[in-house]
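Values below: all heavy atoms of this structure, side chains included; hydrogens, waters and symmetry mates excluded. Residue numbers begin at 1 in each chain, while the letters A, B, ... track the order of the sequences.
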Protein chains: 2
Amino acid sequence: MTDEQRLKTEEQIFAAAMEVFFEKGYYGARMQDISDKAGINKALLHYYYRSKDKMFEMVFSKTIDKFFENMAFTLSKDMSLFERIEVAVDNYISFFSDNPHIPVFVVQEINRDSEAFKKLMIDKIDMLRNNVMAPFVMSIQENIAKGVIRPIDFRHLIVNIVSMCIFPVIGKPLIQGVVFANNSGDWNLFIEERKKAVAEFVINAIKK
Amino acid sequence: MTDEQRLKTEEQIFAAAMEVFFEKGYYGARMQDISDKAGINKALLHYYYRSKDKMFEMVFSKTIDKFFENMAFTLSKDMSLFERIEVAVDNYISFFSDNPHIPVFVVQEINRDSEAFKKLMIDKIDMLRNNVMAPFVMSIQENIAKGVIRPIDFRHLIVNIVSMCIFPVIGKPLIQGVVFANNSGDWNLFIEERKKAVAEFVINAIKK
DNA sequence: ATATAAATTAACTATTTGGTTAAACCAAAT
DNA sequence: ATTTGGTTTAACCAAATAGTTAATTTATAT
């Protein structure tokens, strides 16, 4: 069996594992379901990934990486504060709604075992804080000093932005019920609109 | 055995079931854990609540009720739009942070079986829409007409408010990592601050 | 006090689940 | 052709799990 095929099998398993863990979470995921989805024998799961725990750990770790990479990507550019906000919001909403399982999965699992998550996060946190937080916070301070925006606690601002981008995806059934009365309306249109709506909302909230 | 004692047993079981389902979710909850926590024999669970499914259904239903009641409570008063926002935000943040397991549980379970949730919600949705949404939306339209606030899509406004109130609770480990660098700072203080910060943020965002 | 009905338990069952094992398979090297 | 080493599978195992049963205890009514 060639290297390509070996990798293919391993990757197929991993892809299947992601799907199942995303949909069912750690407790709900079944090794049998994963091997069925990958089209291989269940024993192969343990051949390539020793245990459910190890397998989950790799899926979770990779997902957190992807999550953080996306959080870090856009804000590292050199832009004005308002541009930064526009681009970040657009990027976050795109990412979350293109990968709707990820936010639900991440929220579920960081609350199931928050210590494991914090340990996992330690390595990536500095990158995020240096590349994203720091320049963003500096930009905020500058604009406050220049009198362009109101004085505001950057922690609340950041949490506000992320909340508005991420919650609609994880609260979709709730929002569809309350806002759309389950007529489901055009959810994709609603999310598309939010890219502009949220950015405007934030900028209006801080602009003097 | 007296009526009080009978009720006491049933209620103890229910309370234990809530705790375990809140903490572990449907898939992670174990009937044995629930009976241990209630201090009774496992068979009693089935004596009072036929199955895990039925028991979960009752816990979930009661939780959704509590959730919706809280969402509905404050906005039903007769206040100005800005007062409404202040009171609603204060109330939502208080409720969610006093019952931090509820938002995580609800988000987890509405995504696990969103159809079951929608069915459950149908009865309560009209109440919520009539008592909360309708007067709030009317107030928004009035204030737009009077030129007090910018024209804004009420759906996005509502989703924004709820997002900023609920997400910090369900994303706590993430936020603690990114914003507090896991020094955990004073989380309770941060949440307390948000009651004012979010209300101000929203009002500034819409005020002309 | 005794009969009756409800509450409670210990012990059990059937099924599911993560994980193992030994044999079969297959590709490449000799 | 045969050996060799990694890959894959069918069959199996032990523990866990939701649910059941039959017996015991407790409370209530007569």
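For DNA chain D, no neighbouring residue in residues 15-23 of chain A is found when judged by any heavy atom under 4.0 Å.
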| Canonical and wobble pairing (Watson-Crick, G-U, under 3.5 Å) of DNA chain C, dot-bracket with | | ||||||||||||||||||||||||||||||
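C:dT8 atom C1' lies 14 Å from atom CD of B:E10, rounded to whole Å. Atom-to-atom, CG of A:L44 to C1' of C:dA24 comes out at 13 Å; the value is rounded to the nearest Å. Counting to the nearest Å, the C1' atom of C:dG18 and the NZ atom of A:K54 are 15 Å from each other. The nearest whole Å value for the distance from the CD1 atom in A:I13 to the P atom in D:dT7 is 11 Å. Across the protein-nucleic acid pair, A:I34 atom CD1 and C:dT16 atom P stand 18 Å apart, rounded to whole Å. Between the NZ atom of B:K8 and the C1' atom of C:dA7 there is a distance of 15 Å, given to the nearest Å.
For B:D53, the side-chain hydrogen bond (donor to acceptor under 3.5 Å, both in side chains) partners are B:Y26, not counting sequence neighbours. By the ring pair (Phe, Tyr, Trp, His ring centres under 6.0 Å) test, B:F67 is found to be paired with B:F96, residues two or more places apart in sequence or in another chain being considered.
In terms of heavy atoms, B:K195 sits closest to B:V89 at O-CG1, 3.6 Å. Closest of all the heavy-atom pairs between B:F201 and A:A205 is O-CB, 3.4 Å. The two residues B:N143 and B:L81 have their closest heavy-atom pair at ND2-CB, 3.5 Å. Shortest non-hydrogen contact noted between B:K52 and B:A29 is NZ-O, 2.9 Å.
Aromatic ring centres of B:F21 and B:F56 lie closer together than 6.0 Å.
The existence of a salt bridge linking A:R112 and A:E109 is confirmed by a sub-4.0 Å separation between a basic side-chain nitrogen and an acidic carboxylate oxygen.
Remark: A:T9 is not in phosphate contact with D:dT7, judged by side-chain N or O atoms under 4.0 Å from OP1 or OP2. In terms of phosphate contacts, A:Y47 brings no side-chain nitrogen or oxygen within less than 4.0 Å of OP1 or OP2 of D:dG6.
A side-chain N or O of A:D36 and one of A:Q32 form a donor-acceptor pair less than 3.5 Å apart.
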| remark: Readout for nucleotides 11-25 of chain D: B = base within 4.0 Å of protein heavy atom, S = sugar-phosphate only, - = neither; 5' to 3' it is ------SBBBB----
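B:I40 comes within 4.0 angstrom of the backbone, heavy atoms only, and of no base.
Within the structure, side-chain hydrogen bond (donor to acceptor under 3.5 Å, both in side chains) contacts touching residues 97-108 of chain B (residues at least two apart or in different chains) do not occur.
The aromatic rings of A:F190 and A:F180 stand perpendicular to each other, their planes meeting at an angle above 60°, with 30° marking the opposite boundary.
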